[in-house]
Each structure stands twice: as structure tokens, then as C-alpha cells.
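Okay, so here's the structure we're looking at.
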Amino acid sequence: MGRSFSDADSSGPFSECNSDSSGEFSRPGSPLSGGSGSGRAAILHRLLISCAADNSDEFIHGLISDLESPSSSIDLQRQAAMELRLLAKHNPENRLKIGRAGAFRPLISLLSHSDPVLQENGVTAILNLSLCDENKDMIAAAGAIKPLVRALKNGSPVTRENAACALLRLSQIDEHKIAIGISGAIPHLVNLLQTGGPRGKKDASTALYSLCSTKENKIRAIQAGIVRPLLDLMADPDTGMVDKAAYVLYNLVSLPEGRAAAVEEDGIPVLVEIVEVGTQRQKEIAAATLLVICEESFSCRAMVAREGAIPPLVALSESGSSRAKQKAVALVELLRQPRAGAGGCRVRGAVGAD
């Protein structure tokens, strides 16, 4: 990941999308979801061959031809896209072979296809191919970013999740972060964070964490209303998303707009509660976030103190990790300073020196 929590290891809460995790052999519309027993057996045989360790260039070129040929039926295109998807999923060497064989543009064309199965297989094949670092620039150069954003907006739940993962993988190259932000991905990732299932929320948060290492993308995320769903996830431990959401929020509060949004959306009570009852890692990131919010705002310090933050911070300063202790001690010192000045915690974009 391109962004890390200041003087702490922030990679822990985030596990990258390694490949698609959907069920290729049983999804409605997949090659094996219907048909006779003998037909399914024949297709299964071909799919298992596609997962084998060694596939000839001729075999791969044949699949690409099936995608590109105007005479190919939808079923044949579905099968070819599925096999390329599996080839790229199960064998790192195949990812290089498929890319060098010229598969990117035919697969990218599927991202806008009206058939949802072809679209899903195209998106997921691109995701699996993007696991190879050598392919990332070529995928972006072939024009994948905007179609991935459209699939993220309009696709099926699995398509949206895998599009988010593919954008995450491409965002690991800095110039792609900028292109992805310009292409309008961030509001759709925020929507997935808010409305997606458990995997969708995880994928969206991880992609947003990567993209929000740039100032421009942080502003886009804040304008898209990211802070409210982040705080909702942080306030509900049952989601399993407290850590991920908290690290994304920490990225955002480095900007005045992010600090203002966190306060306006009632983030201070959420952060104080995490300091009190969260895990050690959650307490550390919550204390660090509160410290950033309070450093230049006396009125924010007063709000944090009124929420009863000092006792749990003192406890953290005595029993937390070395980093947590450092953040807790610094924040307690700020909270105990005499108040001077007013304002600074309520107006969006105006959280600064009081």
C-alpha cells in the first residue's frame, strides 16, 4: 500500500484482494449452472484444464480469438472469458502469458457488455491479471480504468466487489491513483462502503485507503460523504470493520476538511468510545486521530474532554503499546491545557488554529 499510518504499521487492518473469491462452478449464468450432465462434465473438463499449471500460448490465443470473433455465440464468449479468468486466478505464470497474448483489450470490452455474466467474468479476469505487477501499467494503458468505474457503479454485487479490487490493485501505482480519482471512482466506492455486503465494504475500504494517500482523492472522498459511513462502521464492532474504517478516517483528518467533517458528523464520541473499549490497535488509531483533530483547536479539545476522554487516555498511556502511550500522553497534555480562543470545530473546512 502506498500510504501508512504515521510512525505505525497500518498495513495490518488491510488484506489485499489476492484474486476473485466467487464460486465459478455454481453461480447462475456460469457455464456449469445449467445444461445436461454430460454437457456440464465436458465444460468442467475444459475448466479444469484451464486451471492446470502449463497452458500453451496457442490455447490462450484460441480463447482470445473466441472473445474477439464476431461469429462467437454468447455461450462461447462466456466460456472463453471464464477460462481466461481461471487461468489468471490459479497460475501466476499464466497472468504474464495472457497479458502478452493481447487479452487486455478484448477483456476490457466485456466490462461494458450488456450480458451480466460476461461483464462479471471480464471484470474478474482483469482483477486476476492485475495481481501481476508487470500487467498493471498495460491494463491501465489499454483503457481499463473508466470501464472498471462504470462496472463499479452499475454491475452486479460480485462485479462491483471485483471492480473495487481491480481498482485497488491498479492504484498501487501512484499515477493510477490520480487517474482513478479523476475517473469518478471514489463516490461509487463510498456507495459500496455504505451499501455493500461484508466483502464489498471490505474491498471498498481497502481501495479507498489506497486512493486517499493523495490530497485530491481525500477531498473527493470527503465531498462524497465518506465520513458518515466510516463512523457508522467504527461505531458497530459487529461489522468487523472498525479497524479499516478508523485507518481511512485517520488518512482524512490530515486535511482541515476531514477534521471538520469528522466533528460535524459527531465523530468525537465515536473515537472516545473506541479509546475506552476498543482493541489495542483500535485504541491507538483512535487516540492518534483525536490528537490530530485537537492539535490546533481548543474548542475540539473541550469537546473531547467533555466526552470523558481523559480517564481512558490515562489508562492507555499506562498500558498501551509504545506508540499508543505516546499518542495518549500527548493528547492528555493537550486536553489539560487552559482553554484560549473559541470556534474551530464546527465549520467545515475551518478546523485550524483557534
Would you kindly confirm whether [X] and [Y] end up in one hydrophobic cluster when ILVMFWY residues are joined by side chain heavy atoms under 4.5 Å apart?
{"X": "F59", "Y": "L96", "result": "no"}
{"X": "M138", "Y": "I98", "result": "yes"}
{"X": "L335", "Y": "V314", "result": "yes"}
{"X": "I274", "Y": "I310", "result": "yes"}

Exercise. Hey, mind stepping through Q77 and D66 against side-chain hydrogen bond (donor to acceptor under 3.5 Å, both in side chains) and telling me if it holds?
Worked result: CA-CA 6 Å; Q77 288 181 309; D66 288 342; over 6 Å; no

Backbone N/O of [Y] and side chain of [X]: donor-acceptor pair under 3.5 Å:
{"X": "Q119", "Y": "S112", "value": "no"}
{"X": "R95", "Y": "N135", "value": "no"}
{"X": "R301", "Y": "E295", "value": "yes"}
{"X": "S69", "Y": "S71", "value": "yes"}
{"X": "K202", "Y": "M241", "value": "no"}
{"X": "S109", "Y": "P106", "value": "yes"}
{"X": "N217", "Y": "K177", "value": "yes"}
{"X": "E284", "Y": "R281", "value": "no"}
{"X": "S130", "Y": "L170", "value": "no"}

Do [X] and [Y] come close enough that some side-chain heavy atom pair is under 4.5 Å?
{"X": "P157", "Y": "R160", "result": "no"}
{"X": "T289", "Y": "I285", "result": "yes"}
{"X": "K325", "Y": "L316", "result": "no"}
{"X": "V304", "Y": "L334", "result": "no"}
{"X": "S171", "Y": "S210", "result": "yes"}
{"X": "K244", "Y": "Y209", "result": "no"}
{"X": "L271", "Y": "I293", "result": "yes"}
{"X": "I74", "Y": "V117", "result": "no"}

Problem set entry | Within residues 126-137 or reaching into it, pairs that qualify as salt bridge (charged side-chain N to carboxylate O under 4.0 Å, His left out) - sequence neighbours excluded |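 For residues 126-137: R100-E134, D133-K136.
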
For this session: Sort and list the pairs that fulfil salt bridge (charged side-chain N to carboxylate O under 4.0 Å, His left out) and have at least one residue in residues 225-235, not counting sequence neighbours.
Result: R228-D232, R228-E265

For this session: Kindly indicate, with the supporting measurements, whether the criterion side-chain contact (heavy atoms from CB on, under 4.5 Å) is fulfilled by L148 and L111.
Result: CA-CA 7 Å; L148 282 170; L111 273 55; 3.6 Å; yes

Which pair of non-hydrogen atoms, one from [X] and one from [Y], has the smallest distance, and what is that distance?
{"X": "R259", "Y": "S254", "answer": "NH1-O, 3.3 Å"}
{"X": "L167", "Y": "I145", "answer": "CD2-O, 4.3 Å"}
{"X": "P237", "Y": "V242", "answer": "CA-CG2, 3.7 Å"}
{"X": "P269", "Y": "D266", "answer": "CD-O, 3.3 Å"}
{"X": "L193", "Y": "A204", "answer": "N-CB, 3.7 Å"}
{"X": "P312", "Y": "G308", "answer": "CD-O, 3.2 Å"}

Problem set entry | Contacts of A224 that satisfy side chain to side chain contact (heavy atoms under 4.5 Å, CB included) - sequence neighbours left out |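 Side chain to side chain contact (heavy atoms under 4.5 Å, CB included) check on A224 returns P187, V190.
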
Spatial distance of atom [atom1] ([X]) from atom [atom2] ([Y]) [nearest 0.5 Å]:
{"X": "K146", "Y": "I180", "atom1": "NZ", "atom2": "CD1", "answer": "13.0 Å"}
{"X": "N128", "Y": "C165", "atom1": "CG", "atom2": "SG", "answer": "10.0 Å"}
{"X": "K89", "Y": "M82", "atom1": "NZ", "atom2": "CE", "answer": "9.5 Å"}
{"X": "L208", "Y": "L168", "atom1": "CG", "atom2": "CG", "answer": "10.0 Å"}
{"X": "Q223", "Y": "K218", "atom1": "CD", "atom2": "NZ", "answer": "14.0 Å"}
{"X": "L67", "Y": "L118", "atom1": "CG", "atom2": "CG", "answer": "8.0 Å"}

Exercise. Between L331 and C294, is a side-chain contact (heavy atoms from CB on, under 4.5 Å) present by the stated rule, with each step listed?
Worked result: CA-CA 8 Å; L331 184 52; C294 290; 4.1 Å; yes

Problem set entry | Worked verdict on L211 versus L189 for side-chain contact (heavy atoms from CB on, under 4.5 Å) | CA-CA 10 Å; L211 290 167; L189 287 168; 3.5 Å; yes

Problem set entry | Distance-only side-chain donor-acceptor flag, K201 / T239, under 3.5 Å |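 Per modelled atom types, K201 and T239 side chains form no pair under 3.5 Å.
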
Exercise. Above 12 or not: heavy atoms from other molecules or residues under 6.0 Å from CD of E307?
Worked result: yes

Problem set entry | Residue pair E120, R85: steps toward the salt bridge (Lys or Arg N to Asp or Glu O under 4.0 Å) verdict | CA-CA 10 Å; E120 180 184 319; R85 167 181 173 170; 3.5 Å; yes

Exercise. When you look at K97 and N94, which way does the side-chain contact (heavy atoms from CB on, under 4.5 Å) test go after all the steps?
Worked result: CA-CA 5 Å; K97 288 183 178 181; N94 286 339; 4.0 Å; yes

